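Notes follow the structure.
From a predicted model like this one, the values you see are computed outputs, not experimental measurements. Below, read A as the first sequence line, B as the second, and so on, with proteins coming before strands; counting in each chain starts at 1.
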Protein chains: 2
Amino acid sequence: MALRHAVLAALLDEERSGYQLAKAFDVGVANFWHALPQQLYAELTKLEREGLVAGREVVQESRPNKRVFRATESGLTELRDFTAAASKPSFIRDDLLVKVQAADHVDAEQLIEQLGDRATAAAAKIELFGALLRQMRGDADEEEFLRTGHRIGPYLTCLRGLAFERETLDWCRRIADVLRTRHPSGSTL
Amino acid sequence: MALRHAVLAALLDEERSGYQLAKAFDVGVANFWHALPQQLYAELTKLEREGLVAGREVVQESRPNKRVFRATESGLTELRDFTAAASKPSFIRDDLLVKVQAADHVDAEQLIEQLGDRATAAAAKIELFGALLRQMRGDADEEEFLRTGHRIGPYLTCLRGLAFERETLDWCRRIADVLRTRHPSGSTL
DNA sequence: CCAGAATAGTCAGATTCTTGACTAGGGAGA
DNA sequence: TCTCCCTAGTCAAGAATCTGACTATTCTGG
């Protein structure tokens, strides 16, 4: 039941359309939750029916009209209740880790390649999150922004995303090194 | 479809019962995949029907009998095919991050408390993973173990788990500090 | 002695998430 | 001009996951 709360959290500070949400919740961007467009449109429909978000039609020229949503007072109440309740523990679920778990039994070169792909993706996210953070804090430095800034929630989750991707990048490189040392297969030094 | 591969990966090196798997895939322990007992028993049934794992009854005294499983040759092939295919990108999905995203709109003290809870859990996992790593590498130091060790797959995923939990712990503390600075509410310094 | 935890599973039902397709108009590049 | 991508959504079906309950036996702590 947390998708709805993630959506509410995203609609607190600004109005967004389902399409905009879909882009924010995309795998390549999301820093606090991930979901597919279909889930988001469905959830918005439910949230609106329950009065937790309010929608508004925006007529546009030269592109399709859209409906934008904002969290209502009762949406905020719902989110506060959610915050008051215990958080579920987070856990790891990652294809790549499964492959590494089986590292001693599978093709090392394939694994190294996949670690490289993941590293590339992580590097892209690091760039993205770095830019996002700079944009959010504006002229202030981080300490100052976090002390006095206006809206720090998104900044804090973005910091988490950044740390996570950095960790991913380091780990991928380290593991690839270990595997290369054990299997000097390519011999293309 | 990755649960089956996670199970196969767990049954490569040693026989395990569903019950043992269930404990290894528990939220508090899992370092490469998480699943509930029900899922694991169901998956084992399917895997055995498809010949990817082989089960064997073990009669026990003073406790219920059990069935232990091991990956078969065709299970290993399946896992190799899985390794050859591209990995799905990993993503974040965490209640606590949703709450932090909404930090500017919810009760700071509750948030700080939850960050503390998560930090405690992370510290416990750090202990656990540290002990696991020491046990796996035995007398060797890490570099040596990773160069010459026998089975490094589980070690590598455990390293990832450890790094992740350390990152979680640091982040929780940092965010709690930030929130305390902005809301010197308790005034119980 | 009795309660509760650990071992070792099973079943049904609901919810959530993913896959894949489909509509429709406008702008940009080859 | 033709095609592809972007905006902005919708629908259906299936797979994966979670909630919650239920059966047995044995060992352990109070």
Side-chain angles (χ1 to χ4, degrees), chain A residues 1-7 15-30 33-50 53 55-69 85-95 98, chain B residues 1-8 15-30 33-50 53 55-69 82 85-95 98:
Chain A
M1 287 278 277
L3 171 60
R4 67 184 318 130
H5 301 112
V7 170
E15 287 183 325
R16 293 182 206 234
S17 65
Y19 189 76
Q20 284 177 291
L21 279 180
K23 284 171 68 177
F25 281 70
D26 182 82
V27 217
V29 183
W33 198 267
H34 152 75
L36 295 167
Q38 296 91 318
Q39 282 176 274
L40 294 166
Y41 285 112
E43 198 63 50
L44 282 172
T45 304
K46 272 197 269 176
L47 284 168
E48 190 178 23
R49 202 170 51 220
E50 295 172 35
V53 305
R56 172 172 84 79
E57 183 90 10
V58 175
V59 178
Q60 296 184 114
E61 282 159 27
S62 87
R63 78 194 46 188
N65 294 347
K66 61 182 174 181
R67 303 205 67 217
V68 294
F69 299 88
S87 307
K88 291 190 196 157
S90 75
F91 52 79
I92 290 176
R93 225 172 235 173
D94 187 340
D95 276 16
V98 172
Chain B
M1 286 278 275
L3 170 59
R4 69 184 316 132
H5 301 112
V7 170
L8 285 170
E15 289 183 325
R16 294 183 206 232
S17 66
Y19 189 75
Q20 283 176 294
L21 279 181
K23 284 170 70 177
F25 281 71
D26 182 80
V27 219
V29 183
W33 198 267
H34 153 74
L36 296 167
Q38 297 91 318
Q39 284 176 270
L40 294 165
Y41 286 112
E43 198 63 49
L44 282 171
T45 304
K46 273 197 269 176
L47 285 167
E48 190 177 25
R49 201 170 52 221
E50 295 171 36
V53 304
R56 171 173 85 77
E57 183 90 13
V58 175
V59 179
Q60 295 185 118
E61 281 160 27
S62 86
R63 76 195 48 187
N65 295 347
K66 60 181 174 184
R67 303 207 66 218
V68 295
F69 299 88
F82 173 67
S87 307
K88 290 190 197 160
S90 75
F91 51 80
I92 289 176
R93 226 174 232 173
D94 187 339
D95 277 16
V98 172

Problem set entry | B/S/- contact track for nucleotides 11-25 of chain D, protein heavy atom under 4.0 Å | B----SSBBB-----
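- Here side-chain hydrogen bond (donor to acceptor under 3.5 Å, both in side chains) pairs that include residues 58-67 of chain A, with residues two or more places apart or in two chains, are E48(A)-R67(A).
- Near DNA chain D, meaning a heavy atom under 4.0 Å away, the residues from residues 16-26 of chain A are S17(A), G18(A), Y19(A), K23(A).
- Residues passing the side-chain hydrogen bond (donor to acceptor under 3.5 Å, both in side chains) test with E50(B), sequence neighbours excluded: R4(B).
- Taking the 5' to 3' direction, DNA chain C first and last meets chain B under 4.0 angstrom from a heavy atom at dA6(C) to dT19(C).
- By the ring-ring contact (aromatic ring centres under 6.0 Å, His included) test, F91(B) is found to be paired with H34(A), residues two or more places apart in sequence or in another chain being considered.
- Q20(B) CD to F69(B) CZ: the interatomic distance, rounded to the nearest 0.5 Å, is 11.0 Å.
- Among residues two or more places apart in sequence or in another chain, the side-chain hydrogen bond (donor to acceptor under 3.5 Å, both in side chains) test is passed with S90(A) by none.
- In terms of the side chain to side chain contact (heavy atoms under 4.5 Å, CB included) criterion, residue partners of K88(A) (sequence neighbours excluded) are, by chain and number, D95(B).
- Take Y19(A) and apply the ring-ring contact (aromatic ring centres under 6.0 Å, His included) test, not counting sequence neighbours, and it matches no residue.
- Proximity of V98(A) to F82(B): side-chain heavy atoms (C-beta onward) are separated by under 4.5 Å at one or more points.
- With rounding to the nearest 0.5 angstrom, the OG1 atom of T45(B) is 10.5 Å from the CG atom of L40(B).
- Checked against side chain to side chain contact (heavy atoms under 4.5 Å, CB included), A24(B) has the following partners two or more places apart in sequence or in another chain: R16(B).
- Two end axes, each from the C1' atoms of five base pairs, can be drawn for the helix from dC1(C)-dG30(D) to dA30(C)-dT1(D); they diverge by 40°, to 10 degrees.
- Here NZ of K46(B) is found 8.0 Å from CG of L3(B). Values are rounded to the nearest 0.5 Å.
- In terms of heavy atoms, D94(A) sits closest to W33(B) at N-CZ3, 3.3 Å.
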